[in-house]
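Residue numbers run from 1 in the order of the sequence given.
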Amino acid sequence: MRHIAVIGSGPAGYYTAEACQKQFGEDVRVDIIDRLPVPFGLIRSGVAPDHQSIKGVSRRYEAVALTDNVRFVGNVTVGSDVTIPELMGLYDAVVLATGAPSDRPLEIPGAELPGVTGSAAFVGWYNGHPDFAGLAPPLGGPGAVVIGNGNVALDVARVLAKTRAEFAGSDIVSHALDALTDSGIETITLLGRRGPHQIAMTPKELGELGELQRAAPVVDAADFPPELDDALLEPGLRKSVTHLRNFAGASIDKPVHIVFDFFAMPVRIEGDGRVERVIVERTRLDERGAAVGTGETYAIPATLVVSCIGYRTPRIEGVPYDDRAGRFANDEGRVLPGLYAVGWARRGPTGTIGTNRPDGFAIAEKIAEDVPHGSGKGGRPALDALLASRDVEVVTFRDWQKIDAAEIAAARIDSPREKFTSVTGMLDARGG
């Protein structure tokens, strides 16, 4: 029998568990360990609350979780409740599937001012992650700046721009919905260092901005290269650029504006004790396609700045780390003998949810190469004994189903669930 511990219950974790089931059949036991009492990682706390169809993938993970040889071990923090060396002593393989939940720092003067937040924190706030439920971003307006030209920046801008009615059917948490309803923001500026041809925004997400009730995207036609150049783009990017060109030609007759400010690099944030403005330097593309400053600067008034410039995997004591890439140091998923990394923890924050599936299967194959048969380690019973000796209150998948049912029962009429935003609330619901 092979005993495998997977740290992290998001897509990478469950795809890895599924792959191990297919690789080893009944000759495996997989424990999926998470510090929260609820599973599914970024499906719950990272995917935009108005993108419910994407969250449907959790049903696949649930099917894996309810099998006899896969177990969810929630409310267990690796590093304090149990260490990596301890897990490696109990399991034939330990797989790091922790994702990249920490914001890449915005390293410009003024980034520490109140009113500046990273996208992980802001997205966690409106999704009800316990770490960020008390964020209370300043939404008094009238200006907000979103730094970045990827889908996360689009999600943030769209959530800031929507009316309360447009969130019907979403699982946005009540404290965020109430705050956004009272928001005074009238202009949301998306800053991108390069131009329309260099965005990392997908067509579906970009097209949604043209369908908002009270908000209109604003694009300057002068920012585009000749339209014939669009033919050189890959199809998805070409569709996205077509959306931008259509936005540039549309009338702007709505009270809230989402302004695409291309060739714009934030150089500092200013304010008297809080954010008041972002100083931006105009850029151009050099012969390599990199953005370089021109020396021309201007100010954008803002009381809220959300940085969407990327994520990093948090360090775990004793695990080799790649500072430059912001992920665990690994060789195609192998970190140390018996220790592996998968998903964003392995390759950095790139790809979609589905990208994690082949990644999980590749790691399962490596485990099969490295662990041709079980070593007789203690596995699941040994972990249970260790956690019990430390009075760790473990949450199982059956417990999560009780939390899930309680959230659904508490839902507003226009929402599929009312999320618990504290660990205490989750644990209390489990006991109901």
When you measure from the side chain of [X] to the backbone of [Y], do you find a donor-acceptor pair of N or O atoms at a distance under 3.5 Å?
{"X": "Lys419", "Y": "Asn127", "answer": "yes"}
{"X": "Arg282", "Y": "Phe263", "answer": "yes"}
{"X": "Thr189", "Y": "Val259", "answer": "no"}
{"X": "Glu407", "Y": "Asp404", "answer": "no"}
{"X": "Thr283", "Y": "Arg193", "answer": "yes"}
{"X": "Asp81", "Y": "Thr77", "answer": "yes"}
{"X": "Thr98", "Y": "Gly8", "answer": "no"}
{"X": "Ser58", "Y": "Tyr61", "answer": "no"}
{"X": "Asp322", "Y": "Ala329", "answer": "no"}
{"X": "His175", "Y": "Trp125", "answer": "yes"}

Between [Y] and [X], is the closest basic N to carboxylate O distance under 4.0 Å?
{"X": "Arg315", "Y": "Asp323", "answer": "yes"}
{"X": "Lys162", "Y": "Asp50", "answer": "yes"}
{"X": "Asp131", "Y": "Arg35", "answer": "yes"}
{"X": "Arg277", "Y": "Glu270", "answer": "yes"}
{"X": "Glu369", "Y": "Arg334", "answer": "yes"}
{"X": "Arg346", "Y": "Glu332", "answer": "no"}
{"X": "Asp230", "Y": "Arg238", "answer": "no"}
{"X": "Asp171", "Y": "Arg44", "answer": "no"}

Quiz item: Hey, what do you get for OG1 (Thr16) to CG (Leu96), rounding to the nearest 0.5 Å?
Solution: 10.5 Å
Quiz item: Got a second to check how far Leu212's CG is from Ile258's CD1, nearest 0.5 Å?
Solution: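 Reported to 0.5 Å precision, the distance equals 5.5 Å.
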Looking only at side chains, do [X] and [Y] share a donor and an acceptor under 3.5 Å apart?
{"X": "Ser119", "Y": "Tyr311", "result": "yes"}
{"X": "Asn151", "Y": "Thr202", "result": "yes"}
{"X": "Asn330", "Y": "Tyr340", "result": "no"}
{"X": "Glu317", "Y": "Thr83", "result": "no"}
{"X": "Tyr14", "Y": "Asn356", "result": "no"}
{"X": "Ser9", "Y": "Asp34", "result": "yes"}
{"X": "His243", "Y": "Glu205", "result": "no"}
{"X": "Thr294", "Y": "Glu281", "result": "no"}
{"X": "Asp27", "Y": "His373", "result": "no"}
{"X": "Glu26", "Y": "Asn69", "result": "no"}

Do the non-hydrogen side-chain atoms of [X] and [Y] ever get within less than 4.5 Å of each other?
{"X": "Glu227", "Y": "Arg245", "result": "yes"}
{"X": "Thr117", "Y": "Ser307", "result": "no"}
{"X": "Arg430", "Y": "Gln401", "result": "no"}
{"X": "Thr355", "Y": "Arg347", "result": "yes"}
{"X": "Phe224", "Y": "Leu244", "result": "yes"}
{"X": "Arg398", "Y": "Leu66", "result": "yes"}
{"X": "Val292", "Y": "Met265", "result": "no"}
{"X": "Arg29", "Y": "Ile4", "result": "no"}

Of all heavy-atom pairs between [X] and [Y], which one has the smallest distance, and what is that distance?
{"X": "Pro203", "Y": "Lys239", "result": "CG-CB, 3.7 Å"}
{"X": "Val267", "Y": "Pro109", "result": "O-CD, 3.3 Å"}
{"X": "Val6", "Y": "Gly13", "result": "CG1-CA, 3.6 Å"}
{"X": "Pro137", "Y": "Phe122", "result": "CG-CE1, 3.7 Å"}
{"X": "Gly378", "Y": "Pro381", "result": "O-CD, 3.2 Å"}
{"X": "Gly46", "Y": "Val123", "result": "O-CG1, 3.4 Å"}

Quiz item: Going through the distances and angles, do Glu62 and Phe397 end up as a side-chain contact (heavy atoms from CB on, under 4.5 Å)?
Solution: CA-CA 9 Å; Glu62 182 170 351; Phe397 199 83; 3.7 Å; yes
Within a 6.0 Å radius of atom [atom1] on [X], are there more than 12 heavy atoms belonging to other residues, nucleotides or ligands?
{"X": "Lys22", "atom1": "NZ", "answer": "no"}
{"X": "Lys55", "atom1": "NZ", "answer": "yes"}
{"X": "Arg104", "atom1": "CZ", "answer": "no"}
{"X": "Arg2", "atom1": "CZ", "answer": "yes"}
{"X": "Arg390", "atom1": "CZ", "answer": "yes"}

Quiz prompt | side-chain contact (heavy atoms from CB on, under 4.5 Å) evaluation trace for Val394 with Asn75 | solution = CA-CA 6 Å; Val394 173; Asn75 201 41; over 6 Å; no
Exercise. Evaluate the side-chain contact (heavy atoms from CB on, under 4.5 Å) criterion for residues Phe328 and Thr313: first the C-alpha distance (whole Å), next the side-chain angles of each, then the deciding distance (0.1 Å), finally the verdict.
Key: CA-CA 7 Å; Phe328 297 120; Thr313 296; 3.5 Å; yes
Exercise. Check the pair Glu296, Arg284 against salt bridge (charged side-chain N to carboxylate O under 4.0 Å, His left out), reporting the backbone distance first and the verdict last.
Key: CA-CA 11 Å; Glu296 175 191 350; Arg284 60 175 179 81; over 6 Å; no
Self-check item: Working for salt bridge (charged side-chain N to carboxylate O under 4.0 Å, His left out), residues Lys377 and Asp92
Solution: CA-CA 7 Å; Lys377 290 187 176 182; Asp92 297 303; 5.3 Å; no
Quiz item: So Glu166 and Glu211, side-chain contact (heavy atoms from CB on, under 4.5 Å) or not? Walk me through it.
Solution: CA-CA 10 Å; Glu166 287 177 289; Glu211 302 170 357; over 6 Å; no
Quiz prompt | Identified side chain to side chain contact (heavy atoms under 4.5 Å, CB included) partner of Tyr298 from the options Asp261, Ile279, Val278 | solution =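 With Tyr298 as partner, Asp261, Ile279, Val278 yield a single side chain to side chain contact (heavy atoms under 4.5 Å, CB included), made by Asp261.
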